[in-house]
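These notes are about the structure you will find just below.
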Protein chains: 2
Amino acid sequence: MIRVNKKIEYGVLALLYLADKEDKAASVREMASNCGVPETLLSKIMQSIKNVGYVSAVYGNQGGYKLTKELSEITLLGLTEALDGPIQVAECLEEGTRTCPAKASCRIVAPMNVLNQKIVELFHATSLDTLYVTTEEASEKVAVS
Amino acid sequence: MIRVNKKIEYGVLALLYLADKEDKAASVREMASNCGVPETLLSKIMQSIKNVGYVSAVYGNQGGYKLTKELSEITLLGLTEALDGPIQVAECLEEGTRTCPAKASCRIVAPMNVLNQKIVELFHATSLDTLYVTTEEASEKVAVS
DNA sequence: AGCTATCCGGACTAAATTAGTCTAATAGGT
DNA sequence: ACCTATTAGACTAATTTAGTCCGGATAGCT
Ligand code: FES
Ligand code: FES
């Protein structure tokens, strides 16, 4: 199955939450309890997101995290790279992981590279404002599926 | 990380292998040893692919599997659905798995539905002839990345 | 009929990854 | 000082994925 992991899921959730708070900072505790995410886990996630500059951290009382970019400037690509490193849609695309004996002539690495590129493009084209939808809007969008 | 599993990887590999054999059947043993895939595992994979009609099975000596569709008729969507069921890019999109207390108002299910739809469209648009490339062609295609 | 090569399908085990916890430290505001 | 909150890394638990095993069925060949 092709699936996004929880870090990404929670990351999207947290950033959308922050988007609703305008310029105010929200603490990890606040976000975690409102979003139903384990606090310590979200804490790690926010750190990584901070390290790529999508949010800034404010220490101390009334502190927390604040958005420093527009939702339209935050892409799913940037978020997943922040949380999991570069996208590698198949294991053997990772440098130094190619255990396959076929190596250069391997018939799967080329197709997977093509697919990888497509996913990267899709994730790059998907900024968070694209995902900022209400449940109702979403059900319209996917009505056919 | 967003990653396709080995079943899908091996499935693509096997189907591309069959495409090169024209109308001749290839046994699981042959495919497995040529592609460097565990034989018993590939066996299960081919069964699932057979069940959706992309290949047919020939019993007995000189038997094996044969392609019954054109590569252009085999989509990545069809293949992954054959091997893993419907695409669900996030865990909570599965019916009956929504343990989240927010349920209906949950702020993550809508965005993930949007993303899911995008992935489904991409996989639907990606037929196997798209992936039937040589290593050289592929490196051109991804040169910029 | 009997032999052999192959597919079939489920139950099982092993390996790897992901999810989540714990602990101790640092930073800043009041 | 004290309180709240971030930071960072090591650790454990849970889940998923990958891979094995085995008894059985099917078809062709001699
Ligand atoms: S399986 Fe990736 S190089 Fe062969
Ligand atoms: S996390 Fe999926 S419904 Fe809330």
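Computed from heavy atoms alone, side chains included, the values below leave out hydrogens, waters and symmetry copies. Throughout, a chain's letter reflects where its sequence line sits, starting with A, and its residues are numbered from 1. Since the structure is predicted, the reported quantities are computational estimates derived from the model, not experimental observations.
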B:K21 bridged to B:E30 by N-O distance under 4.0 Å: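 Between B:E30 and B:K21 there is a salt bridge, with a charged N closer than 4.0 Å to a carboxylate O.
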Presence of salt bridge, A:K7 and A:D84, under 4.0 angstrom: yes
Among C:dT6, C:dC22, C:dA19, the one nearest any side-chain atom of A:L41 is C:dA19
Which of the following nucleotides, C:dC7, C:dG9, C:dG20, is nearest to the side chain of B:V28?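 Nucleotide nearest to B:V28's side chain: C:dC7.
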Which residue, A:M1 or A:R29, contacts DNA chain D at a nucleotide closer to its 5' end, judged by nearest heavy atom?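 Here A:R29 is the residue nearer the 5' end.
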Which comes earlier along DNA chain D counting from the 5' end, the contact point of A:G60 or that of A:N51, where each point is its nearest nucleotide? A:G60
Check every strand shown and say whether A:K44 touches a base, only sugar-phosphate, or nothing at a heavy-atom separation below 4.0 Å.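 Since a base atom lies under 4.0 Å of A:K44, the category is base.
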What nucleic acid atoms does A:S27 come within less than 4.0 Å of, heavy atoms only: base, sugar-phosphate, or nothing?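 Since only primed, P, OP1 and OP2 atoms lie under 4.0 Å of A:S27, the category is sugar-phosphate.
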Could you walk me through whether A:T75 and A:F123 pass side chain to side chain contact (heavy atoms under 4.5 Å, CB included), step by step? CA-CA 7 Å; A:T75 67; A:F123 273 41; over 6 Å; no
Provide, to the nearest angstrom, the distance between the [atom1] atom belonging to [X] and the [atom2] atom belonging to [N].
X     : N      : atom1 : atom2 : result
A:E9  : C:dT18 : CD    : P     : 14 Å
B:N5  : C:dT17 : CG    : P     : 13 Å
B:L42 : C:dT6  : CG    : C1'   : 14 Å
A:Y59 : C:dT30 : OH    : P     : 17 Å
A:Q62 : C:dT30 : CD    : C1'   : 11 Å
B:K66 : C:dC7  : NZ    : P     : 13 Å
A:L83 : C:dT17 : CG    : P     : 18 Å
A:K7  : C:dA19 : NZ    : P     : 8 Å

Report the residues that fulfil side-chain hydrogen bond (donor to acceptor under 3.5 Å, both in side chains) with B:D20, sequence neighbours left out, ordered by chain and then residue number.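 Only A:R107, B:Y132 meet the side-chain hydrogen bond (donor to acceptor under 3.5 Å, both in side chains) criterion with B:D20.
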With a 4.0 Å cut-off (strictly under) to non-hydrogen atoms of chain A, the first and last hit nts on DNA chain D, 5' to 3', are D:dT4 to D:dA10
Between B:V55, B:V52, B:L128, which is the residue that forms a side chain to side chain contact (heavy atoms under 4.5 Å, CB included) with B:I74?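 Result for side chain to side chain contact (heavy atoms under 4.5 Å, CB included) with B:I74: B:L128.
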Step through the shown structure and confirm whether more than 12 heavy atoms of other residues, nucleotides or ligands are within 6.0 Å of CD on A:E70.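 No, the 6.0 Å shell around CD holds no more than 12 heavy atoms from other groups.
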For B:E73, does the CD atom have more than 12 heavy-atom neighbours from other residues, nucleotides or ligands under 6.0 Å away? yes
